[in-house]
Amino acid sequence: MVKRNIVLLDIDYITHDEKAVIRLFGKVKGGESNDIIAIDDSFVPYLYILPLEDIDKCIKDINGLKEEGEIEFTKLEKVNKKDLQVPKEFIKMTLNHPQDVPKYRDKIWDLNSVKQLREHDIPFYRRYLIDNALVPMAELELEGELIDSFETVDSDDESLEILKLSCPPKTANTDFQEFRMMSFDLEVRNPHGMPNPDQDEIIMIGIDSNVGVRKVISTKGDEFDDDEEMDFIEIVETEKEMIERFVQTVKDANIDIIIGYNSDNFDFPYLRDRAKRWEVDLDLGVDGSGLKFLRRGYANSAAFRGLLHVDLYLVMRRYMSLDRYTLERVYLEFFGEEKIDVPGERIYEFWDNGGDELKNLFKYSLDDVVATLKIAMETLPLNLELTRIVRQPFFDVTRMSTGQQAEWFLVRKAYEVDEVVPNKPNMTMNNIRERGSNSGGYVKEPEIGLHENLVQFDFKSLYPTLIISKNISPDVLVTDNISYNAKFEDFETGYDEIDSVLEETPSEDLDEEDYYVCPEHFFKFKKEPQGFIPSAIEDVLNERFRVKNRMKQTEDPVLRKSLDVQQQALKRLANTMYGVYGFLRFRWYSFECAQAITAWGRQHIKKAMKEAEDFGFKAIYADTDGFYAKYVPEMKKE
DNA sequence: CAGAAACGGGG
DNA sequence: GTGTACGTTTCTG
């Protein structure tokens, strides 16, 4: 029996003897940085069935399906869980294999005695992370036995350990970890429009890293042999050799995270095609496996097992709000300087002409990877913190919308309080049209001119605070007497006349003894008990408060910085939580809750503007959760 | 005008 | 893979 502390980088499952086996990919802590794959064959797939009325009849029907050979499963048991805080008896069905879930779920759902299937669309590896309370990119304690080989693991890495777990892994701590990161970028000779992998060769592969490797691999460049400025060039004979050198460089540097810019869509697909042409193995997976393309909707993600690939373009689109997200634009935003630029359609000329032009092309190639790495070092810490809070794989988190991040955070929270998570709503275009659109925050267009004596007013985290203080949550929403028509009428009135708003008296507090009642729509939310979403947001805000306090107490600049990133991540998550109500296809989607939040938000800012006016501050611009006001003493009320 | 298709990033 | 982006702009019939 051996024990290992590892940093958990990635997770997946494979099928072994017709059973699903979880594989945890990590690096051993302490001593040399060894790769490790931990195997857990003890975790089984399951789902919940909500019976229509008679639970025993339902069990009988499901067993009947099994006897007819329609479905297969290993166990049925009655379990008590909560559904939107209402205790209910569910049937927990345990199955042989994760893929049996989509295979049989429709047949079960079609039974008359079955009301609903629940938690039937949670990927197996995510279920494993949630049920074992594991934190990706954090330290994990493993116990088990080392084995020589397992399934398809075929790696030339001498230091790789395979550990068969004898008990579930435990999270050891969630402290800040250092990761070995490398950025890369391809340059292609494409004289005829966009690069075509059937004809256009790769001419340069740029590499930068936080472990001392920085170079451009190319078949040209010997003319700069004596130029010290150009000593980052590594010359090879052929394109094939270039790709082989790239693969070897990543292996030798023992990289945890490989970073590209739009590499899901360009660099890795291109590299795959060119590597295939020259029969080069891109076997960068920790288990010796090659490059995989995972379908994500209509797009693909490039992935290696156990080597984390981040496409920084996707990260940047979430990280900041810009008009465009070219590498140049993002770099300018961060560092205030222009990158070296070579127009894409002229790269082949620079390559063919040689001399100073070729020199510039090399510099451009290096500049691209240096910029990519610099931006990654600025932005990935926040994404690492989000990963630890959301507790889903880093690879997934960097490709999730903020709404999905919030949703998976809530799926985990639900498990902790014994809630069975809601299914995803299946909204059709008709539902959406019938429903109309929600109005957003209140905006007062700025008064044109140069203003003096301005004061700024902001609500701190307006929407998260409102969700908590008004207990806005689907599980405490009073649903009697809500119809879409009624909502529609209320919703058309009263708040859209931007200029006349200050003459209007903001609606009085409508709250009743047992309910908070929202303006405009008059939806009622029970004051007790606390709703699931408000309680989850409160947890996030409390955690942020604790982190900020720890920050105040420490003098250590490194710890301070990492705590600061942590509290930023928590703030982002709290602010995103509003989205779970407003975005279609989300498990906790509730148009009523989304409307209530923005309605209360508009009421609050208008009230604040009105009160400011009484003190002589005239609002000249307002947006959602804050406004600017000008001091006009004559407006002041006595 | 509504519904379909393209677009983003990359060279 | 316990799966099938996304929101917006431009084109087309």
Side-chain angles (χ1 to χ4, degrees), chain A residues 12-15 20 43-48 73 93-106 108 117-128 130-131 184-197 199-206 260-271 274 292 294-302 311-318 322-330 341-351 361 364-365 368 372 396 399-404 411 421 423-424 429 432-433 437 579 582-586:
Chain A
D12 73 350
Y13 82 86
I14 55 168
T15 304
F43 193 66
V44 286
Y46 64 87
L47 56 81
Y48 295 109
F73 58 88
M93 174 187 275
T94 307
L95 300 98
N96 286 306
H97 195 279
Q99 286 170 10
D100 287 350
V101 175
K103 199 162 147 192
Y104 300 134
R105 67 182 160 201
D106 291 343
I108 302 164
L117 257 60
R118 299 283 283 272
E119 307 205 355
H120 55 83
D121 54 359
I122 297 178
F124 192 58
Y125 65 94
R126 296 198 176 179
R127 179 91 271 170
Y128 185 85
I130 293 166
D131 291 17
F184 84 107
D185 179 46
L186 308 182
E187 308 302 333
V188 175
R189 187 183 175 282
N190 54 311
H192 314 289
M194 282 307 287
N196 173 359
Q199 51 191 54
D200 300 336
E201 61 178 319
I202 299 169
I203 51 177
M204 294 178 185
I205 301 180
Y261 204 85
N262 201 26
S263 38
D264 270 347
N265 266 312
F266 179 73
D267 297 80
F268 273 127
Y270 208 89
L271 195 62
R274 297 302 293 183
K292 302 244 185 343
L294 314 176
R295 280 189 70 172
R296 258 180 348 110
Y298 302 121
N300 282 326
S301 293
D311 184 342
L312 205 57
Y313 163 65
L314 302 169
V315 174
M316 296 322 299
R317 285 213 316 205
R318 267 206 326 269
L322 297 174
D323 47 353
R324 301 184 321 133
Y325 293 89
T326 61
L327 184 56
E328 280 75 16
R329 181 71 186 82
V330 170
D341 195 31
V342 175
E345 67 277 9
R346 294 197 54 211
I347 284 179
Y348 79 96
E349 293 174 29
F350 280 57
W351 174 256
L361 186 59
Y364 164 74
S365 174
D368 260 11
T372 303
D396 297 14
R399 286 166 175 78
M400 279 179 195
S401 68
T402 52
Q404 287 170 310
V411 171
V421 303
N423 287 329
K424 290 181 185 166
M429 284 311 274
I432 299 159
R433 259 183 232 132
S437 64
F583 299 148
L584 297 163
R585 307 181 312 97
F586 279 4

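Throughout, a chain's letter reflects where its sequence line sits, starting with A, and its residues are numbered from 1.
Within the 4.0 angstrom heavy-atom criterion, no nucleotide atom of any strand lies near Leu314(A). Heavy atoms of Tyr298(A) sit under 4.0 angstrom from at least one base atom. Residue contacts for Arg127(A): at a heavy-atom cut-off of 4.0 Å it reaches a base atom on one of the strands shown. Residue Pro45(A) is classed as a base contact, given a heavy-atom separation below 4.0 Å to a base. Within 4.0 Å of Leu95(A), counting heavy atoms only, lies no atom of the nucleic acid at all. Looking at heavy-atom distances under 4.0 Å, Tyr13(A) makes contact with sugar-phosphate atoms alone, never a base. Gln99(A) comes within 4.0 angstrom of a nucleotide base, judged by non-hydrogen atoms across all strands. Residue contacts shown for Leu47(A) are absent, as no nucleic acid heavy atom lies under 4.0 Å away. Residue contacts for Gly260(A): at a heavy-atom cut-off of 4.0 Å it reaches no nucleic acid atom on any strand shown. Contact annotation for Tyr104(A): no contact, since no heavy-atom pair falls under 4.0 Å across all strands. Residue contacts shown for Asn196(A) are absent, as no nucleic acid heavy atom lies under 4.0 Å away. Within the 4.0 angstrom heavy-atom criterion, no nucleotide atom of any strand lies near Asp311(A). At a threshold of 4.0 angstrom between heavy atoms, the contacts of Tyr46(A) include nucleobase atoms, whether or not backbone atoms are also involved.
Tyr128(A) is linked by a side chain to side chain donor-acceptor pair (under 3.5 Å) to Asp40(A), counting only residues two or more places apart in sequence or in another chain.
The outermost nucleotides of DNA chain C lying under 4.0 Å from heavy atoms of chain A, listed 5' to 3', are dG1(C) to dC6(C).
Look at CG on Asp267(A): it is 9 Å from C1' on dG11(B), rounded to the nearest Å. Computed from coordinates, the Arg317(A) CZ to dG9(B) P distance equals 7 Å when rounded to whole Å. Whole-Å rounding puts the Glu201(A) CD to dG11(B) P distance at 16 Å. Rounding to whole angstrom units, OH of residue Tyr261(A) and P of dG11(B) are separated by 11 Å. The separation between Met316(A) atom CE and dG8(B) atom C1' is 15 Å, rounded to whole Å. As rounded to whole Å, 11 Å separates atom C1' of dG9(B) from atom CD of Glu328(A). Here the C1' atom of nucleotide dG8(B) and the CG atom of Leu327(A) are 15 Å apart, to the nearest Å.
Atom C1' of dA5(B) sits at a distance of 16 Å from the matching atom of dA5(C), rounded to the whole Å. Separating the P atom of dG10(B) from that of dT4(C) is a span of 28 Å, rounded to the nearest Å. Across the C1' atoms, dG9(B) and dG7(C) are found 16 Å apart, a figure rounded to whole Å.
Ring-plane geometry between Phe124(A) and Tyr13(A) is classed as perpendicular, the angle between the planes exceeding 60 degrees on a 0 to 90 degree scale with a lower cut at 30.
Between the side chain of Arg274(A) and the main chain of Pro197(A), a donor-acceptor pair closer than 3.5 Å is present. In this structure, the side chain of Arg105(A) engages the main chain of His120(A) through a donor-acceptor pair within 3.5 Å. Looking at Asp185(A), its side chain never comes within 3.5 Å of a backbone N or O of Ser365(A) through a donor-acceptor pair.
Remark: the Arg317(A) side chain and the Tyr313(A) side chain contain an N/O donor-acceptor pair separated by less than 3.5 Å. Residues Arg296(A) and Ser301(A) bring a donor and an acceptor atom of their side chains to less than 3.5 Å of each other.
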When the side chains of residues 187-194 of chain A are checked against the rest of the protein, which donor-acceptor pairs come out under 3.5 Å, sequence neighbours left out?
| from | atom 1 | to | atom 2 | distance (Å) |
| --- | --- | --- | --- | --- |
| Arg189(A) | NE | Asp352(A) | OD1 | 3.0 |
| Arg189(A) | NH2 | Asp352(A) | OD2 | 2.9 |
| Asn190(A) | ND2 | Gly193(A) | O | 2.9 |

